Amino acid sequence: MSEQAMTPRSTDFSGWYQDVIREAELADYGPVRGTMVIRPYGYAIWEHIQRNLDRRFKETGHVNAYFPLFIPYSFLQKEKEHIEGFSPELALVTVGGGKELEEPLVVRPTSETIINYMFARWVKSYRDLPLLINQWANVVRWEMRTRPFLRTLEFLWQEGHTAHATYEEAEAEARRMIEVYRDFAEGDGAVPVIVGRKSRLETFAGAIHTYTMEAMMGDKRALQAGTSHNLGQNFAKAFDIRYLDEHNELQHVWQTSWGLSTRFVGAIIMVHGDDHGLRLPPRLAPVQVVIVPIWRNEAQRTAVLATVGRVQQLLAEAGIRVEADVRAQHTPGWKFNYWELKGVPVRVEIGPRDVESQTVVLARRDVPGKAGKTTGIPVEGVAERVRELLAEVQTALFEQARAFRDAHIHDVRSYDELRDVVAAGGWARGWWAGSDDDERRIKEETRATIRCFPFDQPEGDGPCLMTGQRAQQVAIFAKAY
RNA sequence: CGGGGCGUAGCGCAGUCCGGUUAGCGCGCGUCGUUCGGGACGACGAGGUCGGAGGUUCAAAUCCUCUCGCCCCGACCA
């Protein structure tokens, strides 16, 4: 690790982002352009994301399965919009075992086609529905411009795929899952999100509705942090997924798909990080508490390490993820900086003075310097106090991010106002009844897109900021990753 | 794919314009000693086909040609 080598967040956000990833050892570049190695510390964050999402999926009745990486090319061609949306970024396998393949295989960019091919074999009766399946997998999309965690040629995600008897059930499922994502993002990630529906232009290739949660990064750009699609009967018709209803009539199923990826790690970095590095929400932090011992001589070292061991035991028994940094080759000050860079939410300092009084010093990562320190916490009460502090940090990170976001969302009544807000980096919210072409024009001229029509809408209606016509809903415009 | 930048030790870089002993510096790494309440210090040490291939030259990290790759900014996208 280089010394104070991190680019300040305010001067160069993109440079800072890459520095955090490197210095906190979250990821490294792979040998192939656009690929990324997720290092153990970064992967541990992903594992906590997985654990928390998976629990929610199971609680809502879903089960996990696994489908093949290779998909016959013809499968993708079955749904017209789907292939149009994905063909520019497909990776194809044309040779296998030294022989030219009769039909190229697609390395899955998403699994609707292969999963629905299987669904068609599995679904026969209304009694087989709903079918609620999730898979944890890697997918490949040959993107032009890549960025660690946010956009790489290969990424990890989960993709839920469901089949239902009615439109209403599918719609309810799509909405339920975007709310599951919201609950996870805000509750565990401390990432405040705006949930809503995508415009027609931004709707997933092959879906009839796409729901999204949009988060504001530290540079005020938007990040689509998770999506849920109502696929209607598009794939059901393309793959002939039909069931016999209770009146003995054949019906096509109604479907959803929904996904959240390792991109969310990028969101955590960009929402919470500061000039000292990463700041992890306690509920997703691989290490929630680090203990840093302080000593001057051998006698002190022995005494301090005994107390360190005791505190570590108390915290571990309380179910807190704790690590003691007992390395002799680094000074306490070095360790403070190291673990701050890694984003560990709470630090316990234990030195000779603490041993004598049988207390410890607590420092919270979200409040820098001395202001974040509390001294004189009794050893025997440390677990309870740390648990409270972790909860406080979790809340504080969320509130901070929400205040930042809300301060940068502005209501606009005209295109000029929208332009000003977007140029200043903020999000613009305004009544919208424009056409696809109006939306494209805004994108070309301002580089901002409609992030969503939020579920949370104001009362009544208003004049469209672009056309002046009566608009039924407000849209949020922002530059996005 | 367009514009820009860069490939020299594990990492970050200097040296390249203007060719010249043995290719340097900082960090990191190893050993030993002193240190340790906000990124300690000393001594010694290990580590390089200068991205690759041709060419020019008495002599190439440096000049020429070709090539490969990466990063950043755009268009496209989770």
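In this text the structure is predicted, and so the values were computed from the model without any measurement.
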For a quick check of understanding: with a heavy-atom distance under 4.0 Å over all strands, which category does [X] fall into, base, sugar-phosphate or nothing?
{"X": "A:Gln224", "answer": "sugar-phosphate"}
{"X": "A:Gly351", "answer": "base"}
{"X": "A:Thr152", "answer": "base"}
{"X": "A:Leu150", "answer": "base"}

Rounded to the nearest Å, what distance is computed from the [atom1] atom of residue [X] to the [atom2] atom of nucleotide [N]?
{"X": "A:Lys342", "N": "B:G39", "atom1": "NZ", "atom2": "P", "result": "20 Å"}
{"X": "A:Ile21", "N": "B:C11", "atom1": "CD1", "atom2": "P", "result": "18 Å"}
{"X": "A:Lys335", "N": "B:A40", "atom1": "NZ", "atom2": "C1'", "result": "13 Å"}
{"X": "A:His276", "N": "B:G39", "atom1": "NE2", "atom2": "P", "result": "13 Å"}
{"X": "A:Asp19", "N": "B:G12", "atom1": "CG", "atom2": "C1'", "result": "11 Å"}
{"X": "A:Asp325", "N": "B:C36", "atom1": "CG", "atom2": "P", "result": "17 Å"}
{"X": "A:Gln329", "N": "B:U34", "atom1": "CD", "atom2": "C1'", "result": "16 Å"}
{"X": "A:His330", "N": "B:U34", "atom1": "NE2", "atom2": "P", "result": "19 Å"}

Any strand is fair game: report the nucleotide pairing with [N] by Watson-Crick or G-U wobble, both distances under 3.5 Å, or none.
{"N": "B:C58", "answer": "B:G20"}
{"N": "B:G48", "answer": "none"}
{"N": "B:A43", "answer": "B:U31"}
{"N": "B:G69", "answer": "B:C6"}
{"N": "B:G74", "answer": "B:C1"}
{"N": "B:C36", "answer": "none"}
{"N": "B:G26", "answer": "B:C11"}

How far, in whole Å, is [M] from [N] if one measures between their [atom1] atoms?
{"N": "B:C66", "M": "B:G20", "atom1": "C1'", "answer": "27 Å"}
{"N": "B:G30", "M": "B:G10", "atom1": "P", "answer": "15 Å"}
{"N": "B:C13", "M": "B:G51", "atom1": "P", "answer": "14 Å"}
{"N": "B:C11", "M": "B:U21", "atom1": "C1'", "answer": "30 Å"}
{"N": "B:C72", "M": "B:U67", "atom1": "C1'", "answer": "22 Å"}
{"N": "B:C64", "M": "B:U31", "atom1": "P", "answer": "46 Å"}
{"N": "B:U65", "M": "B:G47", "atom1": "C1'", "answer": "34 Å"}
{"N": "B:C41", "M": "B:C27", "atom1": "C1'", "answer": "15 Å"}

Between A:Trp16 and A:Phe13, how do the two ring planes meet: parallel, tilted or perpendicular, split at 30° and 60°?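 Tilted: the ring planes of A:Trp16 and A:Phe13 meet at 30° to 60°.
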Which word best sums up how the rings of A:Phe404 and A:His408 line up, parallel for under 30°, tilted for 30 to 60°, or perpendicular for over 60°? tilted
Compute both the distance and the angle, then confirm whether A:Arg175 meets the cation-pi test with A:Phe455: under 6.0 Å from the six-membered ring centre, within 45 degrees of the axis. yes
Is the charged tip of A:Arg327 near the ring of A:Tyr338: under 6.0 Å from the six-membered ring centre and within 45° of its axis?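 A:Arg327 over A:Tyr338 ring: yes.
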Nucleotides 41-46 of chain B: protein proximity per nucleotide (B base, S sugar-phosphate only, - neither; heavy atom, under 4.0 Å): ------
Is [X] salt-bridged to [Y], going by a charged N under 4.0 Å from an acidic O?
{"X": "A:Arg385", "Y": "A:Glu388", "answer": "yes"}
{"X": "A:Glu340", "Y": "A:Arg347", "answer": "yes"}
{"X": "A:Lys198", "Y": "A:Glu214", "answer": "yes"}
{"X": "A:Arg419", "Y": "A:Glu445", "answer": "yes"}
{"X": "A:Lys443", "Y": "A:Glu439", "answer": "no"}

Would you say the ring centroid of A:Tyr181 lies under 6.0 angstrom from that of A:Tyr211?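 No, too far apart.
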Is there a ring pair (Phe, Tyr, Trp, His ring centres under 6.0 Å) between A:His82 and A:Phe235 once you walk through the steps? CA-CA 9 Å; A:His82 195 62; A:Phe235 287 90; 5.0 Å; yes
Scan side-chain atoms only and decide if [X] and [Y] contain a donor-acceptor pair under the 3.5 Å cut-off.
{"X": "A:Tyr481", "Y": "A:Asp219", "result": "yes"}
{"X": "A:Thr210", "Y": "A:His229", "result": "yes"}
{"X": "A:Asn116", "Y": "A:Gln255", "result": "yes"}
{"X": "A:Arg108", "Y": "A:Thr110", "result": "no"}

Which atoms of nucleotides 5-9 of chain B (N or O only) lie under 3.5 Å from a protein N or O atom, and what are those distances?
none

For A:Glu340 and A:Ser261, find the nucleotide of RNA chain B closest to each by heavy atoms; which residue's nucleotide sits nearer the 5' end?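 This one resolves to A:Glu340.
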Comparing A:Thr262 and A:Lys373 on RNA chain B - which has the more 5′ nearest nucleotide: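 Closer to the 5' end of RNA chain B: A:Lys373.
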In a check of side chain to side chain contact (heavy atoms under 4.5 Å, CB included) between A:Val344 and each of A:Leu280, A:Val287, A:Leu278, which one passes? A:Val287
Is A:Arg22 side chain donor-acceptor paired with the B:G12 base, going by distance under 3.5 Å alone? no
Heavy atom of residues 287-310 of chain A under 4.0 Å from RNA chain B: which residues? A:Ile294, A:Trp295, A:Arg296
Can you pull out the residues from residues 184-222 of chain A that lie within a 4.0 Å heavy-atom distance of RNA chain B? none
According to side chain to side chain donor-acceptor pair (under 3.5 Å), who are the partners of A:Lys58, at least two apart in sequence or on a separate chain? A:Asp54
Compare side-chain N and O positions of A:Arg447 against OP1 and OP2 of B:G74 and report whether any pair is under 4.0 Å apart.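 Looking at the OP1 and OP2 atoms of B:G74, one of them is under 4.0 Å from a side-chain N or O of A:Arg447.
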Grab the N/O contacts between the protein and nucleotides 67-72 of chain B below 3.5 Å, and write none if there aren't any.
{"unit_1": "B:C70", "atom_1": "OP1", "unit_2": "A:Arg33", "atom_2": "N", "d": "2.2"}
{"unit_1": "B:C71", "atom_1": "O3'", "unit_2": "A:Gln18", "atom_2": "OE1", "d": "3.3"}
{"unit_1": "B:C72", "atom_1": "OP1", "unit_2": "A:Gln18", "atom_2": "OE1", "d": "3.2"}
{"unit_1": "B:C72", "atom_1": "OP1", "unit_2": "A:Gln18", "atom_2": "NE2", "d": "3.3"}

Contact check, side chains of A:Arg147 and A:Gln18, non-hydrogen atoms, under 4.5 Å: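 Heavy-atom side-chain distance check fails, nothing below 4.5 Å.
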If you round to the nearest 0.5 Å, how far is CZ of A:Phe57 from CG of A:Asn52? 10.5 Å
